[in-house]
Protein chains: 2
Amino acid sequence: MREELILDHGQRLLLRDGYQNLNLDELAKAIEYSKGTIYLQFETKEDLVLGIATRVLKERTRLFERAARFEGRTRERMRAIGFACCDFAVNHRDYFNIEMMLKSASFWEKASAERRRLHGIQAGQTFQTVTGIVVDAIRVGDLPPETRPADVTLSLISITMGSHIAAMEPDIQMVCGVKDPLLVVRRNQDLVCDGWNWKPLLRDWDYAATDRRIKAEIFPTATWLNEA
Amino acid sequence: MREELILDHGQRLLLRDGYQNLNLDELAKAIEYSKGTIYLQFETKEDLVLGIATRVLKERTRLFERAARFEGRTRERMRAIGFACCDFAVNHRDYFNIEMMLKSASFWEKASAERRRLHGIQAGQTFQTVTGIVVDAIRVGDLPPETRPADVTLSLISITMGSHIAAMEPDIQMVCGVKDPLLVVRRNQDLVCDGWNWKPLLRDWDYAATDRRIKAEIFPTATWLNEA
DNA sequence: CGTCGAATTGACTGTGCGTCAATAAATTGT
DNA sequence: ACAATTTATTGACGCACAGTCAATTCGACG
């Protein structure tokens, strides 16, 4: 299919060059169609990039769903999601820059309504996967019964996104003495879970053992995992 | 001074139009100098935008410093910083999009070394203001003695940045039922402080009273403050 | 008032997104 | 088999805008 072909090569070039330097003439050459054909499938460059972003996001959703099936206590399952996040960041290092682009208002208004819808659906699915674990945690009593699931999910999204951004920034790395950015992400996730009083708390459980199981069972090929 | 004039009008246009739509011909017309004169002061468009961003950041640093002088327990002072953050977000609603731009690698490499340095210095100063309160908290025993200050600051930067981004996103607002984005930011900051076991914990202190004092003493003119 | 150097200009170049009239390919009708 | 008609594809072109630089204006000083 032509759209898939465009997305395949578009993704490759986008991740290599970033949004600003993505050149549609070059993309046209790569897919061996003309630029006009690209514009039959996508309204604008932004529309194309949103299409690519949604496809990459779909990969992450799948990764999250697999992590959510990790067998263990609810907080261990959420921890597996945290690992999935880091694994995704490693394997799609440059995708975060693109996700940043998506926050810009001027970007969205140049993309087609249909692609905005599809991206929203995909984002919703990721949200559902995380919230499912939170709901389980409340049901089995690992989280206090009055906890509102969406608030927990939102806080986890926030700390994860924020930590990724902050811990990758050279200025902040310097001044905060960051050695391993992904470790920062996972530690901050622990902090928020402890803040919600998600049992078992960090100090009450051997999460190092959990980490080894997650690595073995969910990410057998991951090489980025530092012990700490 | 010419540079100030350029930055003044540049800031106005940048916040009105965003980075992509900032037009240097229009800026030249606004300052009643030619485009060539702009390029005598700034190497590239990115360089100019970084200059503007640093100047806006300087405003935030000043705001933080004022908030840090709030009289009260260490966690109350940190709470004042949290308010400062929200106040800044309200008064520079569009600045966050620009801060997002700064994360993009291709952006930095087009700015001059000197302006990169100045921005780093300014960021460092903001960091110092926050870390100063954390150090005080450890000294007076509001935070556990083994706490590493930079880790606390980093987690607060992360949750604040992440919450701002997440809570502003329409998709996430919908699915998480966000009514007041700034309330989300402050609640998540509470969560992280509780996670560090920063005394007095949320449930052990009348922070609503603190909030009223902060509003009265530091932000007498702020109108965005919702009681909750 | 003339000379020299610094400040300023704005027409010009290059790049790359997006368009659309022209062309090629496929399908249908006879 | 061939013409007519519809659909797919093209790539040269328009245009907006970042960045340049030779020409020009300005101002200081003798």
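A, B, ... follow the sequence lines: proteins, then strands. Residue 1 opens every chain. Model, not experiment: these values are computed from the prediction. The analysis underlying the following values was restricted to heavy atoms, covering all of them including side chains, and did not include hydrogens, waters or symmetry mates.
For His119(B), the ring-ring contact (aromatic ring centres under 6.0 Å, His included) partners two or more places apart in sequence, or in a different chain, are Trp108(B). Residues meeting the ring-ring contact (aromatic ring centres under 6.0 Å, His included) test with Phe107(A), sequence neighbours left out: Tyr19(A). Under the side-chain hydrogen bond (donor to acceptor under 3.5 Å, both in side chains) criterion, Glu217(B) pairs with Arg213(B), sequence neighbours left out. For the side-chain hydrogen bond (donor to acceptor under 3.5 Å, both in side chains) test, no residue two or more places apart in sequence or in another chain qualifies with Asn21(B).
Heavy atoms of other residues, nucleotides or ligands lying less than 6.0 angstrom from CZ of Arg12(B) number more than 12.
Following rounding to the nearest Å, Ile31(A) (CD1) and dT9(D) (C1') show an atom-to-atom distance of 11 Å. At whole-Å resolution of the value, CG in Asp17(B) and C1' in dA18(D) are 16 Å apart. The distance between atom CD1 of Ile38(A) and atom P of dG11(D), rounded to the nearest whole Å, is 13 Å. In this structure, Glu26(B) places its CD atom 17 Å from P of dG10(C), rounding to the nearest Å. Rounded to whole Å, the distance from CZ on Phe42(B) to P on dA18(D) is 15 Å. Here dG11(D) presents its C1' atom at 16 Å from CD of Glu32(A), a figure rounded to the nearest Å. One interatomic measurement links the two molecules: CD of Gln41(A) to C1' of dT10(D), which rounds to 15 Å at whole-angstrom precision. Taking atom OH of Tyr33(B) as the reference point, atom P of dT24(D) lies 21 Å away to the nearest angstrom.
Contact annotation: Thr37(A) reaches the phosphate of dT10(D) (side-chain N/O to OP1 or OP2, under 4.0 Å). Distances shown here put every side-chain N or O of Arg2(A) at or beyond 4.0 Å from the OP1 or OP2 atom of dA8(D).
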Contact list (N/O, under 3.5 angstrom) for nucleotides 16-20 of chain C vs protein:
residue : atom : partner  : partner atom : Å
dC17(C) : OP1  : Leu22(A) : O            : 2.8
dC17(C) : OP1  : Lys45(A) : NZ           : 3.4
dC17(C) : OP2  : Leu24(A) : N            : 3.1
dG18(C) : OP2  : Tyr39(A) : OH           : 2.5
dG18(C) : OP2  : Lys45(A) : N            : 2.8
dG18(C) : O5'  : Tyr39(A) : OH           : 3.3
dG18(C) : N7   : Lys35(A) : NZ           : 2.9
dG18(C) : O6   : Lys35(A) : NZ           : 2.8

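Counting only residues at least two apart or in different chains, salt bridge (Lys or Arg N to Asp or Glu O under 4.0 Å) contacts with residues 156-169 of chain B comprise Lys103(A)-Glu169(B).
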